Amino acid sequence: MVDTLRLTAEEAVRLLEARELSGSELYAAYREAIDARDPELHAYLHVCDDDGGEGIPIAVKDVIGTKGIPTTAGSRILEGYVPVYDSTVIERCKAHGLRILGKTNTDEFAMGSSTENSAFGPTRNPWDPSRVPGGSGGGSAAAVAAGLAPWALGSDTGGSIKQPAALCGNVGLRPTYGTVSRYGIVAFASSLDQVGPVARNVRDCAFLYSVIAGRDPCDSTTVELPQPVELPRGDDLKGLRVGVPREFNEHEAIEPGVRAAVERAIELCRELGAEVGECSLPHAVEYGLPCYYLIAPAEASSNLARYDGVRFGYRSPNGGDRLEMYKRTRDEGFGDEPKRRIMVGTYALSAGYYDAYYGQAQKVRTVLAREHAAAFERFDVLVSPTSPTVAFPLGSRTENPIAMYLSDLLTIPSCMAGLPGLNVPCGLSESLPVGLQLIGPQFSENTLFRAGYALEQALGFDPVPARLAA
């Protein structure tokens, strides 16, 4: 009997290599878990049949193009769309023998922080089904937490890997911008989008990152990694300089239970031999969120203009002439959140306002990048809560977009600077996971893995939801 709740990808590889388990038995075990638990959680939008092979199964966020498998980006406007080619990250997964279990639920076009914006219904948190799993990649995070996949791919624009990982008790990496190809990914904000791994532990996360990372001729924004990805082994942090930004750790939005868990993790860094000091990022929290909500919607308004009912996806049956068909297709196909961001973004790019809004936001973005760079002259890693709160109840923020946007208050600044970030579970508050965010300079993923692994070993966090382990 395969215990998918506790099986790591690394252990699954060992079982397969030792012939203690066949590929078909492993795939079948996850399919049985999906059949048993997913009707309650709704982590998957589409589940695949076993097509043979001996590789490890993987769940894939539904913004990642998969040949012959529906890819909807959680939107009615792409309902029924089946790509005729694989995205680069999927090609690389298949080259390593990984087999797709299915496509996971997401906020529509990855726009949201709770997975409640999916046109196909919300995903529920495996720790407490009355609460959200985070977003936009709540489906991938919930699938890993509930044992419905050993690991998964997500995408991160302003926190959509890190924040759901925090709320579901997973390890999630948002890589350095440009280290993973965006070819074949449904675009939201092209200067921010980045695909990354979600896993049960740090070593699995590091290995999956090594599979998908590297330059791609199909994506001119990609680069080769300056050094190979290393699987972490050490259990100490000697020689590591850890910075604690005041603005990220003392913000009034941080819940007391979250603050306490993160403070314990920071103290643990000292015990493990790290040099811990306070620093300041005075503009990051104050301007990161408003800067993001000008740049991301502006880029989205451009990217989403391709959905017109002509080439692929949904076409309204109610259109008259061509322009009427465009209008009705978009009105009926897009949900409220994409419409909101398209309107904000189009306004920010309009004649007479471009320099005042989008142009100014790009200047602020440069300030944020320089501010982080200055901090990394003194420190190797910056730490903070990933999310200011634990998972919140379903429906509690859907009527207040601003409250929903604040869920990403602490993840957005480093994304604006193109920096890598790793979420590591660091404890519980109200019986729900708390995430610790580790931020490093560009191409510092190995340092983040080292720090995350040492903390993971010392913390001893159990990633299995108590209600499922019973």
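The first residue in the sequence is number 1, and the count goes up from there. Just so it is clear, the model here is predicted, and its values are computed rather than measured.
In the displayed structure, D35 atom CG is contacted under 6.0 Å by more than 12 heavy atoms of other residues, nucleotides or ligands. Under a cut-off of 6.0 angstrom, the local environment of NZ in K94 is crowded, with over 12 non-hydrogen atoms contributed by other residues, nucleotides or ligands. Open room surrounds CD on E399; 12 or fewer heavy atoms of other groups in view lie less than 6.0 Å from it.
Counting heavy atoms from C-beta outward, T66 and K103 have side chains that approach closer than 4.5 Å. Put simply, the side chain of E11 does not reach to within 4.5 Å of the side chain of R6, judged on heavy atoms. Here the side chains of L26 and L16 are in contact, with some heavy-atom distance below 4.5 Å.
Judged purely by distance below 3.5 Å, without hydrogens or angles, the side chains of D193 and T157 pair a donor atom with an acceptor atom. The closest side-chain donor-acceptor pair between Q437 and S384 falls under 3.5 angstrom.
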Check the pair Y85 / Y183 against ring pair (Phe, Tyr, Trp, His ring centres under 6.0 Å), numbers first and verdict last. CA-CA 10 Å; Y85 68 98; Y183 180 70; 5.5 Å; yes
Verdict with supporting geometry, F461 and V434, side chain to side chain contact (heavy atoms under 4.5 Å, CB included): CA-CA 10 Å; F461 179 83; V434 174; over 6 Å; no
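Look at R19 and E25 and you find no salt bridge, because none of the NZ, NE, NH1 or NH2 atoms lies under 4.0 Å from a carboxylate O. At a threshold of 4.0 Å, the pair R174-D156 counts as salt-bridged, since one of the basic side-chain nitrogens sits closer than that to a carboxylate oxygen.
Note on ring orientation: taking the six-membered ring where Trp is involved, the planes of F207 and W151 are parallel (angle under 30°, cut-offs 30° and 60°). Using a 30° and 60° split on the angle between ring planes, F109 and Y307 fall in the tilted class, from 30° to 60°.
Note that R99 lies outside the cation-pi zone of Y27, set by a 6.0 Å cut-off to the ring centre and a 45° limit from the axis.
Just one residue in the list R182, Q194, Q442 forms a side chain to side chain donor-acceptor pair (under 3.5 Å) with Y177, and that residue is R182.
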